[in-house]
Amino acid sequence: MTLRFHDSATAATRDFTPLKEGQVSLYYCGATVQGEPHIGHVRSALAFDQLTRWLQSSGYHVTVVRNVTDIDDKILVKAEENNEPWWALAYRFEQAFEDAYDALGILKPTYEPRATGHIPEMHALIATLIERGHAYPALDDSGDVYFDVRSWQQYGSLTHQNIDDMQAAPDADPRGKRDPRDFALWKGHKDGDPETAKWESPWGAGRPGWHLECSAMVTKYLGTEFDIHGGGLDLRFPHHENEMAQSQAAGHGFANFWMHNGMVTFEGEKMSKSIGNTINPREMLELARPLVVRYYLGQAHYRSVLDYRPGSLTEAAAAVERIETFLDAATPFLAPQESDGRLRDLGALSSRSEIPAKFRAAMDDDLNIPAALAVLHETVRAGNTAVAAGDSKAVAKAVAGVVGMTDALGINPLDPQWQQGTGAEAETAALDVLVRAQLEARARARAEKNWAESDKIRDVLAAAGVVVADTATGATWSLKK
RNA sequence: GGUGGGGUGGCCGAGAGGCGAGGCAACGGACUGCAAAUCCGUGCACACGGGUUCGAAUCCCGUUCCCACCUCCA
């Protein structure tokens with residue numbers, strides 16, 4: 001099967017062919033850094049991380065751009081409330097987002113531009129739009145510049161809406177607009193706005209409008225035409241509609257594909273700041289390991305709604321542990337250079353990894369991760385059966401599959417990314433010596449059928465968080481996850 | 001009012017005219033000194049009512065409920 005993605009603009013799933021052979025350009029909307037991230041933000045970044053990884057697994061060189069909107073009305077309002085400079089607040093929350101992304105293994109974008117660093121590019125775009133008759137300075141003396149929605153016939157095409165059918169905002173302030181739906185490209189500086197949030201422009205001092213930022217930055221880093229534009233479903237309108245309108249009205253081809261991820265809900269309702277039903281990644285990481293959180297947030301199809309309920313993470317943890325348990329059980333079957341007792345060499349394993357055709361087909365079909373995970377779990381089961389049968393060839397094959405598939409999804413338990421907090425290698429080695437001594441004592445007790453002593457040793461280890469498992473080749477141990 | 005997406009077994013979650021994805025949970029069995037892990041097995045699942053068809057969860061008509069967007073929102 002060929003690679004296909006669902007394109008929101010044409011409302012169809014169609015074959016993906018990059019503009020430049022072997023290369024993919026991807027832009028997706030990052031955060032407006034006006035507050036703490038919640039898991040909805042993280043899910044969006046994760047969806048595009050999965051996309052990026054899959055494109056890479058498919059042999060493409062991917063250029064990823066994710067913006068940071070570090071200037072907007074809310075940032076100014078909150079900074080004022082906090083009595084701190086707006087840029088201090090923006091940096092603080094930008095770092096909170098970075099921390100959340102890093103914790104879940106979301107790959108760094110190639111470029112991560114901030115809006116405030118691209119004012120000249122925005123001015124150039126505004127000038128082009130005015131020149132072409134699609135933008136105009138406000139009819140009042142606000143210093144705003146608006147995009148002229150009525151001048152662009154295709155306006156509404158991304159979301160398949162007709163301007164006249166749209167419900168007008170009840171509190172719409174016409175200001176100096178020709179049409180209430182005209183949106184600001186440039187916002188004139190007003191009395192009371194911080195002096196530091198002011199840039200000179202041919203239309204008067206002010207700051208950029210939100211939609212314009214993305215258009216200017218996409219073009220700078222990916223050119224006037226690029227492969228994929230992504231973001232959360234809630235950005236489709238007005239943000240992406242406006243982006244597309246202003247860029248195309250400026251003569252740019254713009255995005256070839258539009259991909260939107262579904263929302264995260266909490267017990268059925270969209271998670272959002274205004275409702276106050278958000279869950280912070282930090283809170284989630286207190287409930288489960290980063291790998292489990294990533295597995296949980298990434299297990300549903302990216303376009304479907306993901307409903308979080310208490311208990312969701314426990315289920316995900318069980319699924320992850322199933323994979324880990326297999327990998328542990330498989331270790332003794334691997335060739336020495338691929339296994340050093342408990343400590344595995346990821347590099348050696350990766351070189352033998354392989355991705356089953358069924359998995360590939362599922363991923364190629366608009367990133368059908370649930371179906372891909374089914375292949376992963378089937379492979380784990382086959383691997384467990386092979387372990388029980390002592391078929392080392394079959395075990396090695398299953399390990400290669402599991403490593404290949406989990407790597408492609410960014411959930412390989414052997415990846416050093418997930419080893420943080422589990423103890424340094426030297427400590428693990430020291431612990432191994434101590435636990436082995438206990439296991440030997442237990443083996444002696446068992447040989448004498450002294451079950452009381454044997455169970456006591458196991459209980460003591462369990463109390464310390466060490467889980468003992470008896471196998472055909474002797475007892476093994478692992479730390480309780 | 002407009003534009004979209006949905007209602008799948010106890011829960012999550014794919015699929016999309018025939019052969020019951022997968023995970024979690026539960027129950028039974030195998031293995032085990034007992035466990036744990038693992039394996040095997042067990043569910044008359046497709047919102048409701050009609051229709052098309054040899055056959056429908058999947059197509060058509062109607063009904064109903066839910067969600068998102070149309071204002072800042074991943």
Colleague: Suppose we call a contact any N or O donor and acceptor under 3.5 Å apart; does that hold for the side chain of A:Arg181 and the base of B:C70?
Modeller: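 Answer no: no donor N or O sits under 3.5 Å from an acceptor.
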Colleague: Using a 3.5 Å limit on both distances, find every run of at least three consecutive Watson-Crick or G-U pairs that involves RNA chain B.
Modeller: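 As far as RNA chain B goes, consecutive pairing (with distances under 3.5 Å) yields the stems B:1-7 with B:64-70, B:10-12 with B:22-24, B:26-30 with B:38-42, B:47-51 with B:59-63.
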Colleague: Touch check for A:Gly262, heavy atoms < 4.0 angstrom, all strands: base, sugar-phosphate only, or nothing?
Modeller: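 Base contact.
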Colleague: In terms of side-chain heavy atoms of A:Asn368, which of B:C72, B:A14, B:A74 is nearest?
Modeller: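 Shortest atom-to-atom distance from the side chain points to B:A14.
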Colleague: I'd like to check the side chain to side chain donor-acceptor pair (under 3.5 Å) partners of A:Thr52; sequence neighbours left out, ordered by chain and number.
Modeller: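 Once residues adjacent in sequence are excluded, A:Thr52 has no partner under the side chain to side chain donor-acceptor pair (under 3.5 Å) criterion.
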Colleague: Can you list everything that forms a side chain to side chain donor-acceptor pair (under 3.5 Å) with A:Glu241? Sequence neighbours excluded, please.
Modeller: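 Applying side chain to side chain donor-acceptor pair (under 3.5 Å) to A:Glu241 gives A:Thr159.
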Colleague: When you check the phosphate oxygens OP1 and OP2 of B:A14, does a side-chain N or O of A:Ser304 lie under 4.0 Å from one of them?
Modeller: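 It does, given that an N or O in the side chain of A:Ser304 lies less than 4.0 Å from OP1 or OP2 of B:A14.
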Colleague: If the threshold is 4.0 Å, N to carboxylate O, is there a salt bridge linking A:Lys108 and A:Asp49?
Modeller: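 No salt bridge links A:Lys108 with A:Asp49.
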Colleague: Strictly below 4.0 Å, N to O, side chains only: are A:Asp366 and A:Arg4 in salt-bridge contact?
Modeller: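 Judged by the 4.0 Å cut-off on N to carboxylate O distance, A:Asp366 and A:Arg4 do not form a salt bridge.
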Colleague: Let me confirm one number: the CD1-CH2 distance from A:Ile71 to A:Trp87, rounded to the nearest 0.5 Å.
Modeller: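 It comes to 12.5 Å.
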Colleague: Quick one: which residue pairs count as a side chain to side chain donor-acceptor pair (under 3.5 Å) with a foot in residues 379-390 of chain A, not counting sequence neighbours?
Modeller: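 Side chain to side chain donor-acceptor pair (under 3.5 Å) check on residues 379-390 of chain A returns no pairs.
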Colleague: Got a sec, which residues hit side-chain contact (heavy atoms from CB on, under 4.5 Å) with A:Ser215, two or more places apart in sequence or on another chain?
Modeller: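 A:Ser215 satisfies side-chain contact (heavy atoms from CB on, under 4.5 Å) with A:Leu125, A:Glu243, A:Gln246, A:Ser247, A:Phe254 only.
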Colleague: Which parts of residues 104-112 of chain A get close to RNA chain B, meaning a heavy atom less than 4.0 angstrom away?
Modeller: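 Of all residues in residues 104-112 of chain A, none places a heavy atom under 4.0 Å from RNA chain B.
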Colleague: How would you list, by chain and number, every residue that makes a side-chain contact (heavy atoms from CB on, under 4.5 Å) with A:Gln299, sequence neighbours excluded?
Modeller: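 For A:Gln299 the side-chain contact (heavy atoms from CB on, under 4.5 Å) partners, ignoring immediate neighbours, are A:Tyr295, A:Tyr296, A:Leu373.
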Colleague: Report all side-chain donor-acceptor pairs from residues 310-318 of chain A shorter than 3.5 Å, counting only partners two or more places apart or in another chain.
Modeller:
| residue | atom | partner | partner atom | Å |
| --- | --- | --- | --- | --- |
| A:Ser312 | OG | A:Arg309 | N | 3.1 |
| A:Ser312 | OG | A:Arg309 | O | 2.8 |
| A:Ser312 | OG | A:Arg309 | NH2 | 3.4 |

Colleague: Can you figure out which of B:U3, B:A14, B:G13 approaches the side chain of A:His301 most closely?
Modeller: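 Closest of the options to the side chain of A:His301: B:A14.
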Colleague: Would you indicate what A:Arg381 reaches in the nucleic acid, counting non-hydrogen atoms under 4.0 angstrom: base, sugar-phosphate, or nothing?
Modeller: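 If one applies the 4.0 Å heavy-atom cut-off, A:Arg381 turns out to touch the sugar-phosphate alone, with no base involved.
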Colleague: So which nucleotide from B:G33, B:A74, B:C39 ends up closest to the side chain of A:Leu235?
Modeller: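 Output: B:A74.
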Colleague: List the atom pairs, donor and acceptor, that lie under 3.5 Å between side-chain atoms in residues 387-405 of chain A and the rest of the protein, sequence neighbours left out.
Modeller:
| residue | atom | partner | partner atom | Å |
| --- | --- | --- | --- | --- |
| A:Asp391 | OD1 | A:Lys393 | N | 3.3 |
| A:Asp391 | OD1 | A:Ala394 | N | 3.1 |
| A:Lys397 | NZ | A:Glu354 | OE2 | 3.3 |

Colleague: Reading RNA chain B from 5' onward, which residue's closest nucleotide shows up sooner: A:Leu233 or A:Val264?
Modeller: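 It is A:Leu233, whose closest nucleotide lies nearer the 5' terminus.
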Colleague: Scan A:Lys449 against the nucleic acid and name what it touches under 4.0 Å (heavy atoms): base, sugar-phosphate only, or nothing.
Modeller: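 The residue A:Lys449 makes no contact with any strand.
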Colleague: Please work out if A:His260 contacts a base, only the sugar-phosphate, or nothing of the nucleic acid, heavy-atom cut-off 4.0 Å.
Modeller: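 Nothing: the residue A:His260, judged by heavy atoms under 4.0 Å, touches no strand.
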Colleague: So what does A:Asn261 hit on the nucleic acid, given a heavy-atom distance under 4.0 Å: a base, only sugar-phosphate, or nothing?
Modeller: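 Base contact.
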Colleague: Please list each protein N or O that sits under 3.5 Å from an N or O in nucleotides 24-32 of chain B, with the distance.
Modeller:
none

Colleague: Just to be sure I understand the rule, does A:Asp164 reach a base, reach only the sugar-phosphate, or reach nothing, if contact means heavy atoms closer than 4.0 Å?
Modeller: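 Here A:Asp164 touches no strand at all.
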Colleague: Please enumerate all residues that pass salt bridge (charged side-chain N to carboxylate O under 4.0 Å, His left out) together with A:Arg444, with sequence neighbours excluded.
Modeller: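 Expected list: none.
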Colleague: Would you classify A:Gln34 as touching base, sugar-phosphate or nothing, given that sugar-phosphate means primed atoms plus P, OP1 and OP2, and contacts are heavy atoms under 4.0 Å?
Modeller: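 Nothing, no nucleic acid heavy atom in range.
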Colleague: Report the nucleotide, chosen from B:A35, B:A14, B:A74, that has the shortest atom-to-atom distance to any side-chain atom of A:Ala300.
Modeller: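 Per side-chain heavy atoms of A:Ala300, the pick is B:A14.
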Colleague: Give the rounded distance in Å between these two atoms: CZ of A:Arg236 and P of B:G5.
Modeller: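 Between P of B:G5 and CZ of A:Arg236: 8 Å.
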Colleague: Classify the nucleic acid contact of A:His41 as base, sugar-phosphate or nothing, counting any heavy atom under 4.0 Å across all strands shown.
Modeller: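 It contacts base atoms.
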Colleague: Indicate, with a heavy-atom threshold strictly under 4.0 Å, whether A:Val468 touches base, sugar-phosphate, or nothing.
Modeller: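 Counting heavy atoms under 4.0 Å across all strands, the contact made by A:Val468 includes a base.
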Colleague: Starting the side chain at C-beta, find the nucleotide from B:C12, B:G13, B:G2 nearest to A:Pro370.
Modeller: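 Closest nucleotide among those given: B:G13.
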Colleague: How would you label the contact of A:Thr265 with the nucleic acid (heavy atoms, under 4.0 Å): base, sugar-phosphate, or nothing?
Modeller: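 Nothing, no heavy atom under 4.0 Å.
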Colleague: Over all strands shown, is A:Gly231 touching base, sugar-phosphate only, or nothing at heavy-atom distances under 4.0 angstrom?
Modeller: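 Sugar-phosphate contact only.
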Colleague: Taking only residues two or more places apart in sequence, or in another chain, which ones meet A:Val305 in a side-chain contact (heavy atoms from CB on, under 4.5 Å)?
Modeller: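 A:Val305: side-chain contact (heavy atoms from CB on, under 4.5 Å) contacts with A:Thr265.
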